[in-house]
J.: 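Input: one structure, supplied below.
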Amino acid sequence: MSKKIITAVAIVMVSLVNAQAYKGKGDIKAQVGMNIQNHGTGINISTDFGIGENMSYGFVASYLLSVDEAAGIKPTFGDRADFKARFNANLGSVFKLDKAMDIYPGLDLGTRNFGGHLGFRYFFTDGFGIYTEAGVPLARYDSNTEGFKQYNNQFVFQIGASFNL
């Protein structure tokens, strides 16, 4: 088959899917992705629980697998790991996006800072989608963020898979 036919079939199949990115109260999402930031990359696992038509809360755990050493010293587990509780405003319906899409700004409280994030989800099927998210610290607990204290305490970009549970 030619690439044009395969592309057309894929577009038609995706348009027929009745996936929903955020269903409101009772909705549960799980996400697994890649965490990208200065001086390191790693994994990110998050979950969100719908508590209203446009609100959810959740938890995030991230761990940097590949990191830069500082003066020949390797970072410890505590330097690489971060845990957060978060609150999202799920605005896909407010912006009248397709039901398979959701945009969610939010706030998070973690082991290193109080921050904000902006994310986007797109579901191909009722159970599987992709997400991307960017986060930034709004207030750091320690103003001296040199060396390993920069890990998980700076602008971070994530991309990965999202699942309806």
Side-chain angles (χ1 to χ4, degrees), residues 1-67 77 80-113 115-137 151-165:
M1 279 202 227
S2 75
K3 290 181 184 181
K4 289 180 183 180
I5 293 173
I6 293 171
T7 303
V9 169
I11 290 171
V12 169
M13 288 176 62
V14 168
S15 66
L16 294 175
V17 172
N18 189 18
Q20 197 164 353
Y22 183 72
K23 299 174 185 173
K25 187 175 182 178
D27 189 30
I28 302 174
K29 300 279 187 266
Q31 301 181 141
V32 177
M34 181 177 183
N35 185 39
I36 304 165
Q37 58 183 274
N38 277 343
H39 309 292
T41 58
I43 59 173
N44 182 69
I45 299 170
S46 63
T47 186
D48 291 315
F49 303 92
I51 56 174
E53 183 179 348
N54 298 101
M55 296 181 295
S56 63
Y57 74 94
F59 304 97
V60 180
S62 58
Y63 186 77
L64 296 175
L65 298 169
S66 172
V67 294
F77 175 85
R80 295 173 181 239
D82 192 26
F83 303 95
K84 297 178 181 178
R86 67 195 228 157
F87 175 81
N88 298 324
N90 302 86
L91 302 177
S93 64
V94 173
F95 288 117
K96 302 198 184 313
L97 298 177
D98 184 279
K99 288 184 178 192
M101 296 182 222
D102 186 29
I103 186 169
Y104 55 97
L107 298 173
D108 45 69
L109 183 63
T111 57
R112 306 201 188 277
N113 60 53
H117 60 271
L118 177 63
F120 177 80
R121 292 185 188 109
Y122 180 81
F123 274 80
F124 299 105
T125 68
D126 192 42
F128 175 75
I130 57 174
Y131 83 100
T132 185
E133 195 171 301
V136 63
Y151 296 162
N152 296 304
N153 205 5
Q154 60 183 304
F155 175 81
V156 62
F157 176 77
Q158 301 161 8
I159 187 166
S162 188
F163 306 92
N164 275 321
L165 302 180

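What you are looking at is a predicted structure, and each value in this text was computed from that prediction instead of being measured.
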J.: For the residue pair Phe124 and Phe128, does the interplanar ring angle fall in the parallel (under 30°), tilted (30 to 60°) or perpendicular (over 60°) class?
T.: parallel
J.: Working to the nearest 0.5 angstrom, can you tell me the gap between Lys84 NZ and Ser62 OG?
T.: 6.5 Å
J.: Taking the side chain as C-beta and beyond, is there a heavy-atom pair between Val32 and Ile43 under 4.5 Å?
T.: no
J.: Roughly how far, to the nearest 0.5 Å, is the CZ atom of Phe77 from the CG atom of Leu64?
T.: 11.0 Å
J.: Measure the spacing between OG1 of Thr111 and CG of Asp82 and express it to the nearest 0.5 Å.
T.: 3.5 Å
J.: Apply side-chain contact (heavy atoms from CB on, under 4.5 Å) to Arg86 and Asp48, showing your working.
T.: CA-CA 8 Å; Arg86 67 195 228 157; Asp48 291 315; 3.1 Å; yes
J.: Any side-chain donor paired with an acceptor under 3.5 Å for Gln37 and Tyr151?
T.: no
J.: Do Ser56 and Asp27 pair up side chain to side chain, a donor and an acceptor below 3.5 Å, judged on atom types alone?
T.: no
J.: Say you draw a straight line from CZ of Phe83 to CZ of Arg112; how long is it, rounded to the nearest 0.5 Å?
T.: 9.5 Å
J.: I need the His117 NE2 to Tyr104 OH distance, nearest 0.5 Å.
T.: 6.5 Å
J.: Kindly give the heavy-atom pair with the smallest separation between Phe123 and Ser162, and that separation in Å.
T.: CZ-OG, 3.4 Å
J.: Is Thr47 reaching over with its side chain to a backbone N or O of Val60, donor-acceptor style, under 3.5 angstrom?
T.: no
J.: Is there a donor-acceptor pair under 3.5 Å between the side chain of Asp98 and the backbone N or O of Ala100?
T.: yes
J.: Evaluate the criterion side-chain contact (heavy atoms from CB on, under 4.5 Å) for residue pair Ile130 and Ile159; output intermediate values, then yes/no.
T.: CA-CA 8 Å; Ile130 57 174; Ile159 187 166; over 6 Å; no
J.: Between the main-chain N or O of Tyr131 and the side-chain N or O of Gln31, is there a donor-acceptor pair closer than 3.5 Å?
T.: no
J.: Would you call Asp102-Lys29 a salt bridge at under 4.0 Å N-O?
T.: no
J.: Determine yes or no for a side-chain-to-main-chain donor-acceptor pair under 3.5 angstrom, with Asn54 supplying the side chain and Asn90 the backbone.
T.: yes
J.: Please determine whether side-chain contact (heavy atoms from CB on, under 4.5 Å) holds for the pair Val136 and Leu118, giving the CA-CA distance in whole Å, both sets of side-chain angles, and the decisive distance to 0.1 Å.
T.: CA-CA 9 Å; Val136 63; Leu118 177 63; over 6 Å; no
J.: To the nearest 0.5 Å, tell me how far Gln154 CD sits from Asn152 CG.
T.: 8.0 Å
J.: Heavy atoms only: give me the nearest Ala30-Leu165 pair and the separation to one decimal.
T.: CB-CD1, 3.7 Å
J.: Is the backbone of Asn35 close enough, under 3.5 Å, to the side chain of Asn44 for a donor and an acceptor to pair up by distance?
T.: no
